[in-house]
Amino acid sequence: MSEHSVVVTTDQSVATIALNRPEVMNALDDTMVMQLEDAFHTLERDAKIHVIVFKSAGGKAFAAGADIKKLQSKTALDGLMVGMQELYSRIEQSTKVTIALIDGYALGGGCELAMACDIRIATERAKFGLPELNLGVIPGAGGTQRLPRLVGKGRALDLVLTGRTVRGEEAYQMGLASYFTQSDAMEDTLNEVLHAVLKKGPVAVKLAKLAILTGYDVDMKTAQWIEKLSISLLFGTEDKTEGTKAFVEKRDANFKNC
Ligand code: CO8
């Protein structure tokens with residue numbers, strides 16, 4: 001048994017949270033969810049961290065979903081408790097850029113965690129699916145809502161009602177994965193994404209996420225106001241002064257996150 005269900009490492013402004021229960025395909029039990037929550041909250045409060053990468057510590061799975069053995073004893077009231085659904089919402093609303101690396105099974109709650117991230121990098125070994133109906137339950141950690149938002153209502157209904165798994169390439173074609181790459185090129189793809197993201201104005205990154213994620217769920221007029229207020233705030237930042245000056249001076253910007 002792994003003592004630590006999640007392992008956190010940091011490299012300058014990039015933190016990695018590795019899921020670490022390989023003996024059960026990284027199935028998420030309550031302990032793992034709590035450890036994930038603690039790790040995420042610590043990183044979320046760390047101003048030095050700009051990107052959080054979620055991945056598997058090894059083995060065949062990103063995560064094969066909620067721990068089914070533990071699900072057996074769950075009651076109706078347990079379903080109302082704060083848990084995976086709230087954690088994934090907080091991850092989605094993170095002020096950092098979040099990236100999931102999927103190089104194996106991402107099923108049920110594992111797929112739902114990946115969907116809560118901003119960017120998903122999938123390999124030819126990736127297999128996405130929401131097979132919960134096989135167990136007599138439904139995707140209950142945001143899956144019924146995030147999947148149709150990513151791939152459309154028709155495809156979401158197909159994937160949830162049949163419970164079929166889709167490989168990395170098909171996931172990429174339907175918009176479930178942001179990138180499709182070969183397993184041995186996954187780190188290179190991640191580095192390219194990190195290189196692009198880390199060059200951006202950090203305050204602009206936060207407000208772009210806010211405008212897209214919050215704006216997506218409200219009416220167009222409200223969404224456009226969120227956008228207008230966000231850009232108005234950005235016009236007053238030192239980063240905007242630096243970013244535009246750097247362009248005119250034909251050099252890289254040196255953003256200060258203010
Ligand atoms: N939970 C517990 N144990 C698991 C899980 C899981 N989700 N997935 C795999 N394991 C265990 C197996 O039991 C096995 O353990 P053991 O060796 O002790 O028998 C070990 O991992 C290896 O698994 P397999 O032998 O099955 O490996 P295979 O390569 O044959 O198959 C699969 C791999 C396809 C991943 C297969 O294990 C599988 O189908 N797993 C279940 C996938 C699934 O149904 N996931 C959905 C779970 S439900 C869910 O996620 C709900 C989320 C919403 C909750 C909201 C709460 C409020």
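Every number for a ligand or one of its atoms is a count from 1 in the order of the listing.
- Ligand-side atoms of ligand 1 in range of Glu23: 20 (C), 21 (O), range being under 4.0 angstrom from any heavy atom.
- Put simply, the side chain of Arg125 never gets that close to the backbone of Gly104: no donor and acceptor are under 3.5 Å apart.
- Residue Pro131 holds the heavy atom nearest to atom 44 (O) of ligand 1 of all those in Pro131, Gly110, Pro22, Gly108.
- Side-chain atoms of Glu112 come within 3.5 Å of backbone N or O of Ala141 as a donor-acceptor pair.
- The closest donor-acceptor contact from the side chain of Asp67 to the backbone of Ala27 lies at 3.5 Å or more, if one exists at all.
- Residue contact annotation: Pro139 has no non-hydrogen atom under 4.0 Å from ligand 1.
- Which parts of ligand 1 touch Gly109 is read off a 4.0 Å heavy-atom cut-off, strictly below it: atoms 49 (C), 50 (O), 52 (C).
- Of the N and O atoms on the side chains of Glu44 and Thr95, at least one donor lies less than 3.5 Å from an acceptor on the other residue.
- When distances from atom 17 (O) of ligand 1 to the protein are checked, no heavy atom turns up under 4.0 Å.
- Between the side chain of Thr189 and the backbone N or O of Thr181, no donor-acceptor pair lies under 3.5 Å.
- Contact annotation: for Lys74 versus ligand 1, there are no heavy atoms closer than 4.0 Å.
- The minimum heavy-atom distance between Phe180 and Gly168, with the atom names listed, is CD1-C, 3.5 Å.
- Using a 4.0 Å threshold on non-hydrogen atoms, atom 13 (O) of ligand 1 counts as touching the protein.
- At the top of the distance list for atom 24 (P) of ligand 1, counting protein heavy atoms only, stands Met25 CE, 4.4 Å.
- Contacts with ligand 1 closer than 4.0 Å are made by heavy atoms of both the backbone and the side chain of Ala66.
- Under a cut-off of 6.0 angstrom, the local environment of CD in Glu249 is crowded, with over 12 non-hydrogen atoms contributed by other residues, nucleotides or ligands.
- Atoms of ligand 1 lying under 4.0 Å from any heavy atom of Ile68, numbered from 1 in the order shown and given with element: 1 (N), 2 (C), 6 (C), 7 (N), 41 (C), 43 (C), 44 (O), 47 (C).
- Contact annotation for Leu135 and ligand 1: only side-chain heavy atoms (C-beta onward) come within less than 4.0 Å of the ligand.
- Of the protein's heavy atoms, none falls inside 4.0 Å of atom 37 (O) of ligand 1.
- Within the listing of ligand 1, atoms 50 (O) sit less than 4.0 angstrom from a heavy atom of Gly65.
- Heavy atoms only, all atoms of each residue included: Ser178 and Tyr172 are closest at O-CE1, 3.3 Å.
- Other residues, nucleotides and ligands contribute over 12 non-hydrogen atoms within 6.0 Å of the CD atom of Glu124.
- By the 4.0 Å heavy-atom criterion, Lys127 is excluded from the residues contacting ligand 1.
- Of all protein heavy atoms, the one lying nearest to atom 30 (O) of ligand 1 is Lys60 NZ, 5.0 Å.
- Atom 19 (O) of ligand 1 has its closest protein heavy atom at Lys69 NZ, 4.7 Å.
- Remark: ligand 1 atoms within the under-4.0 Å shell around heavy atoms of Asp67 are 1 (N), 2 (C).
- What you find for Pro139 and Thr144 is that their closest heavy atoms are O-CG2, 3.4 Å.
- Protein heavy atoms come within 4.0 Å of atom 27 (O) of ligand 1.
- Given atom 45 (N) of ligand 1, the protein heavy atom at minimum distance is Ala64 O, 2.9 Å.
- A donor and an acceptor atom, one from each side chain of Asn20 and Ser5, are nowhere located under 3.5 Å apart.
- Of all protein heavy atoms, the one closest to atom 56 (C) of ligand 1 is Gly140 O, 4.8 Å.
- Against a heavy-atom cut-off of under 4.0 Å, Glu112 is close to the following atoms of ligand 1: 52 (C), 53 (C).
- Contacts with ligand 1 closer than 4.0 Å are made by side-chain heavy atoms of Ala27 only, the backbone lying farther away.
- Smallest separation of non-hydrogen atoms from Ala100 and Phe62: CB-CZ, 4.2 Å.
- Counting protein heavy atoms only, atom 10 (N) of ligand 1 is closest to Val24 O, 3.7 Å.
- Annotation: Arg167, atom CZ; neighbour count of heavy atoms from other residues, nucleotides and ligands within 6.0 Å does not exceed 12.
- For the pair Met32/Leu19, a side-chain contact is recorded, criterion being any heavy-atom separation below 4.5 Å from C-beta on.
- Within the structure, the closest approach of Gln85 to ligand 1 does not fall below 4.0 Å when heavy atoms are considered.
- Distances from atom 34 (C) of ligand 1 to the protein include at least one heavy-atom value under 4.0 Å.
- In this structure, atom 42 (C) of ligand 1 has protein heavy atoms in its sub-4.0 angstrom surroundings.
- Remark: the backbone N or O of Ser183 is not paired with any side-chain donor or acceptor of Asp103 at under 3.5 angstrom.
- Counting only heavy atoms, the protein gets under 4.0 Å from atom 1 (N) of ligand 1.
- Side-chain contact between Val14 and Leu198 is present, with at least one heavy-atom pair separated by less than 4.5 Å.
- Of all protein heavy atoms, the one lying nearest to atom 39 (O) of ligand 1 is Leu107 CD1, 4.5 Å.
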